[in-house]
Amino acid sequence: MENIISYQKEISFVKRFFGFVFAGLGLLMLIITGSLMALIFIVIGLGLNTAEGSDINLSSKEFRTFHTLFGVKVGKWLPIPNFEYVSVFRTKESQTVRVVTAETTQKYEIIQVNLFYNRNKHMTFYKTVNKEDAFEVANHFKLALNIDILDATETEKKWL
């Protein structure tokens, strides 16, 4: 039996809605006009409905980061490194939106769950805005991989 820990970033309702609207308009345009512009709308719509995530298969000792569209996951399985600890880390993430003559950047606070290996190398496995959710995921890794948790959400770091 496969023992897989899987986390997938949720797509907001608004983003999913606009994705379906763009894809629907693209299909409608393709049927009515047959124009190449219709394919652009379809691609934008599908792109807005694409989510990202990560899997760790504890049975086969492999992990992958993936992109998923309507439940189909695409990503390459790689061997699991020897993880030393899991860190719950608070940071800021920024998103830049550019139009021809204008640009804006929004920053917001997120909490990352990172798995560290080879002393200072890490892989970000999970992102959330909910601290309790992040510690739930970290505790899952602690139990599954028999590693410690480092709480780096405050200025004073502590081992749990």
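Annotation: side chain of Ile11 is not in contact with side chain of Lys9 (no heavy-atom distance under 4.5 Å). At least one side-chain heavy atom of Asn139 sits less than 4.5 Å from a side-chain heavy atom of Ile149. Proximity of Phe89 to Val113: side-chain heavy atoms (C-beta onward) are nowhere separated by under 4.5 Å. At a threshold of 4.5 Å between non-hydrogen side-chain atoms, the residues Val129 and Ile111 do not count as touching. Inter-residue side-chain proximity for Lys92 and Ile110 is flagged as unmet; no heavy-atom pair is nearer than 4.5 Å.
Annotation for Glu93: atom CD counts as buried by contact number, over 12 foreign heavy atoms lying within 6.0 Å. Within 6.0 Å of atom CD in Glu109, more than 12 heavy atoms from other residues, nucleotides or ligands are found, so the atom counts as buried in its surroundings. Within a 6.0 Å radius of CZ in Phe18, other residues, nucleotides and ligands contribute 12 heavy atoms or fewer. Within a 6.0 Å sphere centred on CZ of Phe13, heavy atoms belonging to other residues, nucleotides or ligands number 12 at most. A 6.0 Å sphere centred on CG of Asn130 holds more than 12 heavy atoms belonging to other residues, nucleotides or ligands. For Phe20, the CZ atom sits in a packed shell: over 12 heavy atoms of surrounding residues, nucleotides or ligands are nearer than 6.0 Å. Heavy-atom neighbours of Glu103 CD from other residues, nucleotides or ligands within 6.0 Å: above the threshold of 12.
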Assess the residue pair Lys121 and Glu84 against the criterion (salt bridge (charged side-chain N to carboxylate O under 4.0 Å, His left out)); give the C-alpha distance rounded to whole Å, side-chain angles, the decisive distance to 0.1 Å, and a yes or no. CA-CA 10 Å; Lys121 294 182 181 177; Glu84 297 165 1; over 6 Å; no
Take Asp133 and Tyr126, measure what side chain to side chain donor-acceptor pair (under 3.5 Å) needs, and give me the verdict at the end. CA-CA 10 Å; Asp133 185 32; Tyr126 189 63; 2.6 Å; yes
Would you please test Ser87 and Lys157 for side chain to side chain contact (heavy atoms under 4.5 Å, CB included) and show each step? CA-CA 10 Å; Ser87 170; Lys157 297 177 185 174; over 6 Å; no
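By the side chain to side chain contact (heavy atoms under 4.5 Å, CB included) test, Asp148 pairs with Trp159, sequence neighbours left out. Listed by chain and number, the residues in a salt bridge (Lys or Arg N to Asp or Glu O under 4.0 Å) with Asp151 amount to none (sequence neighbours excluded). Annotation: side chain to side chain contact (heavy atoms under 4.5 Å, CB included) contacts of Ile44 (sequence neighbours excluded): Phe22, Ile40, Leu48.
Once rounded to the nearest 0.5 Å, the distance linking NE2 of His140 with CD1 of Ile56 reads 9.5 Å. To the nearest 0.5 Å, the span separating CG on Asn57 from CD1 on Ile80 amounts to 7.0 Å.
Checked against the 6.0 Å centroid threshold, Phe125 and Phe141 count as a close aromatic pair.
Judged by distance alone, the side chain of Arg64 and the main-chain N or O of Trp77 form no donor-acceptor pair under 3.5 Å.
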